[in-house]
There are 4 protein chains.
Amino acid sequence: MGKKEVPSLVKDEKLIEKRRGEMVKAAVTLFKANGFHRTTTREIAKASGFSIGTLYEYIRSKEDILYLVCDSIYDSVKNKMQEQVRETDCTLVHVKQAIAAYFKVVDEMQDEVLVMYQEAKSLSREALPYVLKKELEMTAIFEELLKRAVDRGELMLSSDEIRLAAHNILIHGQMWTFRRWSLQREYSLDHYIDVQTELLLGGLVGARMSAQS
Amino acid sequence: MGKKEVPSLVKDEKLIEKRRGEMVKAAVTLFKANGFHRTTTREIAKASGFSIGTLYEYIRSKEDILYLVCDSIYDSVKNKMQEQVRETDCTLVHVKQAIAAYFKVVDEMQDEVLVMYQEAKSLSREALPYVLKKELEMTAIFEELLKRAVDRGELMLSSDEIRLAAHNILIHGQMWTFRRWSLQREYSLDHYIDVQTELLLGGLVGARMSAQS
Amino acid sequence: MGKKEVPSLVKDEKLIEKRRGEMVKAAVTLFKANGFHRTTTREIAKASGFSIGTLYEYIRSKEDILYLVCDSIYDSVKNKMQEQVRETDCTLVHVKQAIAAYFKVVDEMQDEVLVMYQEAKSLSREALPYVLKKELEMTAIFEELLKRAVDRGELMLSSDEIRLAAHNILIHGQMWTFRRWSLQREYSLDHYIDVQTELLLGGLVGARMSAQS
Amino acid sequence: MGKKEVPSLVKDEKLIEKRRGEMVKAAVTLFKANGFHRTTTREIAKASGFSIGTLYEYIRSKEDILYLVCDSIYDSVKNKMQEQVRETDCTLVHVKQAIAAYFKVVDEMQDEVLVMYQEAKSLSREALPYVLKKELEMTAIFEELLKRAVDRGELMLSSDEIRLAAHNILIHGQMWTFRRWSLQREYSLDHYIDVQTELLLGGLVGARMSAQS
DNA sequence: GATGAATGAGAGTTCATTCAT
DNA sequence: GATGAATGAACTCTCATTCAT
């Protein structure tokens, strides 16, 4: 499904998955503490529990690790969200639930999201599109939800506004991590969710609906 | 006024300012193309038009360059905004004008804003606070504008909402740069301004005011 | 036993010892020719037969090499001396034999002793004490020998004089290296040993013993 | 009289002498604290009270400063000694007085002597002989004194022994500075002078004289 | 005669990557 | 499949020296 394949010298698929899982976990911790560029492959190998030689049996280059990290984080975020959101119904309430679910997942995976957010730019021109694509897939989820709410007449949004609103939701989630130094000092997560949801959707409902009546 | 002083071996203040200006300009271009970590001090010196030795007459370390870059960009953004915004009146219209002005400045200084946005995290624990402080000052500008509009009864926002709305304005501006790969393909700047302003403030006005009536 | 540990990235202890031995040998030659500060780490690596990268697998900094050099030289001098001196008897004859043995070892290891003598001062405040301690241990050897001869009534020395005489012996040995430009032109080693021994101990024996009678 | 000339761009001899005096004073302080190699020309210029450009009006290279330092220190030591020693009489008592005078001068000029002692080796092959020559001149002073005492029958020394005894006196003086970490903790200067004089000459007098009788 | 900005060769050190074992 | 010693290009930063003013 359009995922970039990272080649490995090792044949055993199970082993690859296991070792790469360990690598990613170690890498996230280290990237979070020191950033991608300040983290050495040796450190990653050590924190992963195997030697530098073994590390390179499972990847071709340091950048592969960054790609695996980004890839894995997106998958986790998406999976965790899908666990919480049932798409059978799509009323406005469900849109709000989805937003809240997303914000909660971001909060849970704060370190990971922040790392991905700050380091993805270091991916090569070859690997970056794969990550951007995943970001757009995330956006598409909210677009779809908003669109259905509009179709049901619960929200008044042009298609341009839907697009941008979806982007905004995504960004407000990430903002919770990369502005933690300011936001998490002043707001609890629940409060942040409430206020942001109000700002995002508040006006779009009551406002215009009352205008319609 | 709380600005971090970067020491120089050169005494001539005018010269320092001139050379640092050249350095910052060269650095922004290079950081934009390759990122801070992939840019070498020699490249910066060369692009600045002087030798590596001369570069180090005006800074102590590579990180100083990054700090100067961030510092200079914030000052530019703020100055450019203040040129456009007259704070005599503070009606809702003026808030919108300020937002538009900010978005336009961000658009003009796209490369700079993007660089600062992506690389500021590489600043040392010592220098970072100075940059975060500037970010908060920018936020405070919009907080103040929103607050006045609320005081005049043109907007309905709790103080929490004011805070967060100001943050949102800021990052929606930055988003125009770091999501350019998606946004600038689909929207013109003016369109982006219109739609985001509508999403940001649209509901807060008509909506609740009509609700009040 | 109070030796300063120099950490290495390499695990194989045998290999560490081997490589460091090669390093020290190369370094002594180069330090002798050009001094510590004028010798580059690259030169040391090349003369040691490995790459600069490999060099830094076995040390942390250039200063570590200097420490290893000093440490190794002291150990060699001490070992070589102990090979020659049997401490079973401690008559005056044995003291003279020990002095001669020491002077001979110094002569054999001229380059090393000179290097250590001239460059030890470049050690950091952290490493220096370890080297000074070794110097005092050497002094203590002669102090002990002199003391026993005094106890046997073969020498007349106050404890202050013992102390200083031991220092003098040490220094006269080193002097053979750092005044080679003058001394080794005029004296053979054996002659130097004879004359210095006479000056050091000559008077302390016959003289006062006759005074006693 | 065989002194190495250090060329200067400046014509005014008085000025040259004055500036070089300032340079040497500053350099000694800095060399003492950090060593020759770790001291920069900029630091010397600054500590001398003039600019780096001016510094180079009075010398050709950094090494010239080291030469001037060594040269100046030798002259000072010699002058100070000659102030104290009247060579009219030359009995054994006068030899002892000369030794004491020398040790006292060394003690007074501890920093300078130590610096010269440790850094002279950094002089180029061209300049070194000029300094060694001065060291030999100092040795010659004591040789002469000892020789006269021998001629008067107050000391029993072969010419070889005279040579070496003179060397020993010199380096016992220097030893007071470069072994300060050990010696100056245990001995006062006067005590050191007494004990060393006793060790140097004690036996040569009473001993053999009594043997003669 | 004094200044100090400019220079660039060269220093110590790091680290992604390889490959023999 | 695992190891870790070896590599060397490339990095940041220093500093003796020069020369236009």
Side-chain angles (χ1 to χ4, degrees), chain A residues 8-12 15-16 19 37-46 49-65, chain B residues 8-12 15-16 19 37-46 49-65, chain C residues 8-12 15-16 19 37-46 49-65, chain D residues 8-12 15-16 19 37-46 49-65:
Chain A
S8 165
L9 295 176
V10 176
K11 300 298 165 212
D12 185 338
L15 200 49
I16 293 178
R19 291 270 188 268
H37 284 102
R38 287 201 173 85
T39 301
T40 69
T41 50
R42 266 171 155 124
E43 288 169 333
I44 297 170
K46 191 170 187 186
F50 35 79
S51 72
I52 184 67
T54 301
L55 187 83
Y56 274 86
E57 298 274 309
Y58 295 91
I59 51 153
R60 288 163 312 170
S61 68
K62 190 185 176 189
E63 206 217 295
D64 277 350
I65 305 176
Chain B
S8 167
L9 295 176
V10 174
K11 297 175 178 175
D12 185 336
L15 198 49
I16 292 176
R19 292 272 182 267
H37 285 103
R38 288 202 167 83
T39 301
T40 70
T41 50
R42 273 188 163 79
E43 286 170 337
I44 296 170
K46 194 170 189 183
F50 34 77
S51 70
I52 182 68
T54 300
L55 185 82
Y56 275 89
E57 294 275 301
Y58 294 91
I59 51 156
R60 289 163 310 172
S61 68
K62 191 185 174 188
E63 206 217 291
D64 276 349
I65 304 177
Chain C
S8 167
L9 294 177
V10 173
K11 297 175 179 177
D12 185 336
L15 199 51
I16 292 177
R19 291 272 183 267
H37 284 103
R38 285 201 171 84
T39 301
T40 69
T41 51
R42 278 183 164 79
E43 286 169 338
I44 297 171
K46 193 169 189 182
F50 33 77
S51 72
I52 183 65
T54 299
L55 186 82
Y56 275 90
E57 294 274 302
Y58 293 91
I59 51 153
R60 289 163 309 173
S61 68
K62 190 186 176 188
E63 205 217 294
D64 276 349
I65 304 177
Chain D
S8 166
L9 295 176
V10 175
K11 302 295 164 215
D12 185 337
L15 201 48
I16 292 178
R19 292 272 188 265
H37 284 101
R38 287 202 173 83
T39 301
T40 69
T41 51
R42 265 174 157 122
E43 287 170 334
I44 297 171
K46 191 171 188 186
F50 34 79
S51 71
I52 182 68
T54 300
L55 186 84
Y56 274 87
E57 298 274 308
Y58 294 91
I59 51 155
R60 288 164 311 169
S61 68
K62 189 186 174 188
E63 206 216 295
D64 277 349
I65 304 176

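Protein chains get the first letters and strands the later ones, always in sequence-line order, with residue 1 at the start of each.
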Sugar-phosphate only, base, or nothing, as touched by B:Thr54 at under 4.0 Å among non-hydrogen atoms: base

Touch class at under 4.0 angstrom, heavy-atom based, for D:Ser8 against every strand present: nothing

Side-chain heavy atoms of C:Leu9 within contact of A:Arg42, under 4.5 Å: yes

Heavy atoms only: give me the nearest [X]-[Y] pair and the separation to one decimal.
{"X": "B:Lys62", "Y": "B:Thr39", "value": "NZ-O, 2.8 Å"}
{"X": "A:Ser61", "Y": "A:Ile59", "value": "O-CD1, 3.4 Å"}
{"X": "A:Ile65", "Y": "A:Leu55", "value": "CD1-CD2, 4.1 Å"}
{"X": "C:Ile52", "Y": "C:Thr41", "value": "CD1-OG1, 3.6 Å"}

Per-nucleotide pairing state of DNA chain F [Watson-Crick or G-U, under 3.5 Å; [ ] pseudoknot-crossing; | other strand]: .||||||||||||||||||||

Distance, rounded to the nearest Å, where [X] contributes [atom1] and [N] contributes [atom2]:
{"X": "C:Lys11", "N": "F:dA5", "atom1": "NZ", "atom2": "P", "answer": "7 Å"}
{"X": "D:Glu43", "N": "F:dT14", "atom1": "CD", "atom2": "C1'", "answer": "12 Å"}
{"X": "B:Lys46", "N": "E:dG8", "atom1": "NZ", "atom2": "C1'", "answer": "13 Å"}
{"X": "C:Ile59", "N": "E:dT14", "atom1": "CD1", "atom2": "P", "answer": "10 Å"}
{"X": "C:Leu15", "N": "F:dA5", "atom1": "CG", "atom2": "C1'", "answer": "7 Å"}
{"X": "C:Leu9", "N": "F:dG4", "atom1": "CG", "atom2": "P", "answer": "13 Å"}
{"X": "D:His37", "N": "E:dG10", "atom1": "NE2", "atom2": "C1'", "answer": "14 Å"}
{"X": "C:Leu55", "N": "E:dG12", "atom1": "CG", "atom2": "C1'", "answer": "11 Å"}

[X] side chain near [N] phosphate (N/O to OP1/OP2, under 4.0 Å):
{"X": "A:Arg38", "N": "E:dC15", "result": "no"}
{"X": "B:Tyr58", "N": "E:dA6", "result": "yes"}
{"X": "B:Ser51", "N": "E:dT7", "result": "yes"}
{"X": "A:Arg19", "N": "F:dA2", "result": "yes"}

Nearest-nucleotide comparison on DNA chain E, the residue closer to the 5′ end among C:Thr40 and B:Asp12: B:Asp12

Nearest-0.5 Å distance, NZ of residue B:Lys11 to CD of residue B:Glu57: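 Rounded to the nearest 0.5 Å, the NZ-CD separation comes out at 11.5 Å.
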
Whether D:His37 and C:His37 hold their rings parallel, tilted or perpendicular, with breakpoints at 30° and 60°: parallel

Side chain to side chain contact (heavy atoms under 4.5 Å, CB included) between D:Tyr58 and D:Leu15, worked out: CA-CA 9 Å; D:Tyr58 294 91; D:Leu15 201 48; 3.5 Å; yes

Main-chain N/O of C:Ala45 paired to C:Ser51 side chain as donor or acceptor, under 3.5 Å: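 No; judged by distance alone, with no hydrogens or angles, the pair does not exist.
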
All N/O pairs under 3.5 Å across the protein-nucleotides 17-21 of chain E interface:
from	atom 1	to	atom 2	distance (Å)
E:dT17	OP2	A:Tyr56	OH	2.7
E:dT17	OP2	A:Lys62	N	2.8

